[in-house]
> 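I'd like to ask you about the structure that follows.
Throughout, residue positions are numbered sequentially from 1 according to the sequence presented.
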Amino acid sequence: MSETMIFSPGSFFHGTKADLKIGDFLIIGKKKNFNDDRKSGYVYFAGTLDAAIWGAELAEGDGRERIYVVEPTGDYEDDPNLTDKKFPGNPTKSYRSKQPLKIVAEVTKWEGHSPEMLNNMLEGLKKLSENGIKAID
């Protein structure tokens, strides 16, 4: 990848700490990225880099934060965890699918959220978890 990456409109992103390669597939049935030991029934992705940055920053694990450019291989839908529950109309362009996502590139240059914003989000997720509310249905 060159230092300057230009994404076409309609690009999709997935933020994680998983070390994957171009050509790999994200599939259902893996451990979720967030405070949850359940297996994922969906693969999640976003049409905005900012949403993927949150995914990478909030993912559990010791790996390096990564953002992949992905292509859906089948049908997908708006992510109901965010759309209409928290953000009517899906401004974060967050989606989920039961079909694999193919990794087509890695975003190598991106800027994370401020430590204050990240801490506020982590505290909010911690409070939800303490109340028995999982971050992802």
Side-chain angles (χ1 to χ4, degrees):
M1 287 282 133
S2 66
E3 289 201 24
T4 302
M5 296 181 75
I6 299 173
F7 302 104
S8 62
S11 292
F12 294 116
F13 307 96
H14 177 82
T16 185
K17 288 187 180 165
D19 183 10
L20 303 167
K21 295 177 180 31
I22 294 172
D24 284 351
F25 289 88
L26 297 168
I27 60 172
I28 63 172
K30 301 290 183 180
K31 184 184 177 304
K32 294 181 178 188
N33 271 346
F34 308 105
N35 69 348
D36 201 326
D37 290 329
R38 297 175 296 165
K39 303 290 184 190
S40 179
Y42 294 92
V43 287
Y44 292 84
F45 59 105
T48 66
L49 189 55
D50 187 60
I53 290 170
W54 278 116
E57 291 175 328
L58 297 174
E60 293 181 343
D62 297 326
R64 180 170 65 85
E65 296 168 350
R66 298 173 183 272
I67 297 176
Y68 297 106
V69 180
V70 297
E71 289 180 354
T73 63
D75 294 336
Y76 58 91
E77 64 187 15
D78 287 354
D79 175 1
N81 298 293
L82 295 175
T83 56
D84 298 327
K85 285 185 182 179
K86 295 179 184 173
F87 305 107
N90 199 4
T92 62
K93 297 183 181 174
S94 298
Y95 307 100
R96 70 182 190 178
S97 178
K98 289 191 174 279
Q99 305 303 313
L101 302 177
K102 183 177 183 180
I103 297 173
V104 297
E106 183 175 351
V107 180
T108 57
K109 302 278 184 186
W110 52 275
E111 187 174 329
H113 296 95
S114 71
E116 181 179 303
M117 284 181 70
L118 184 57
N119 187 55
N120 287 341
M121 179 67 83
L122 290 169
E123 285 298 316
L125 290 173
K126 181 179 176 185
K127 286 179 185 175
L128 289 174
S129 182
E130 288 169 355
N131 289 322
I133 300 169
K134 300 294 185 183
I136 298 175
D137 291 335

> If you define the side chain from C-beta out and look only at heavy atoms, does anything of Leu101 sit under 4.5 Å from Phe25?
no
> For Glu77, check salt bridge (Lys or Arg N to Asp or Glu O under 4.0 Å) against everything at least two apart and list the hits.
Arg96
> Roughly how far, to the nearest 0.5 Å, is the CD1 atom of Ile28 from the OH atom of Tyr42?
9.0 Å
> Can you name the closest pair of heavy atoms from Ala52 and Ala46 and give their distance?
N-CB, 4.4 Å
> Quick check: does any side chain N or O of Lys17 sit under 3.5 Å from a backbone N or O of Ala59, one acting as donor and the other as acceptor?
yes
> Taking all non-hydrogen atoms of both residues into account, name the closest pair between Glu111 and Ile53 and its distance.
O-CD1, 3.4 Å
> Main chain of Pro100, side chain of Thr73: is a donor-acceptor contact present, judged purely on distance under 3.5 Å?
yes
> Counting distance only, does the side-chain N/O of Ser97 pair as donor-acceptor with the main-chain N or O of Val43 below 3.5 Å?
no
> Nearest 0.5 Å please: distance from the CG atom of Leu26 over to the NZ atom of Lys102.
12.5 Å
> Rounded to the nearest 0.5 Å, what's the gap from OG on Ser94 to CZ on Phe12? Could you check?
11.0 Å
> Does Asp19 come within less than 4.0 Å of Arg64, counting only side-chain N to carboxylate O?
no
> Considering all heavy atoms of both residues, which atom of Ala18 and which atom of Tyr68 are nearest to each other, and what is their separation?
O-OH, 2.9 Å
> Show the nearest heavy-atom pair for residues Gly47 and Tyr95, with the distance to one decimal.
N-CE1, 4.1 Å
> Indicate the ring-plane relationship of His113 and Trp54, choosing parallel, tilted or perpendicular according to the 30° and 60° boundaries.
parallel
> Quick one: pull up NE2 in His14 and CZ in Arg66 and give me the separation to the nearest 0.5 Å.
12.0 Å
> Nearest 0.5 Å, please: how far is CG in Asp79 from NZ in Lys93?
15.0 Å
> Rounded at 0.5 Å granularity, tell me how far CD in Glu65 sits from CG in Leu58.
9.0 Å
> For Glu123, I'd like to know if atom CD has over 12 heavy atoms of other residues, nucleotides or ligands within 6.0 Å.
yes
> So which atom in Ala56 and which in Trp110 form the shortest heavy-atom distance, rounded to 0.1 Å?
CB-CH2, 4.2 Å
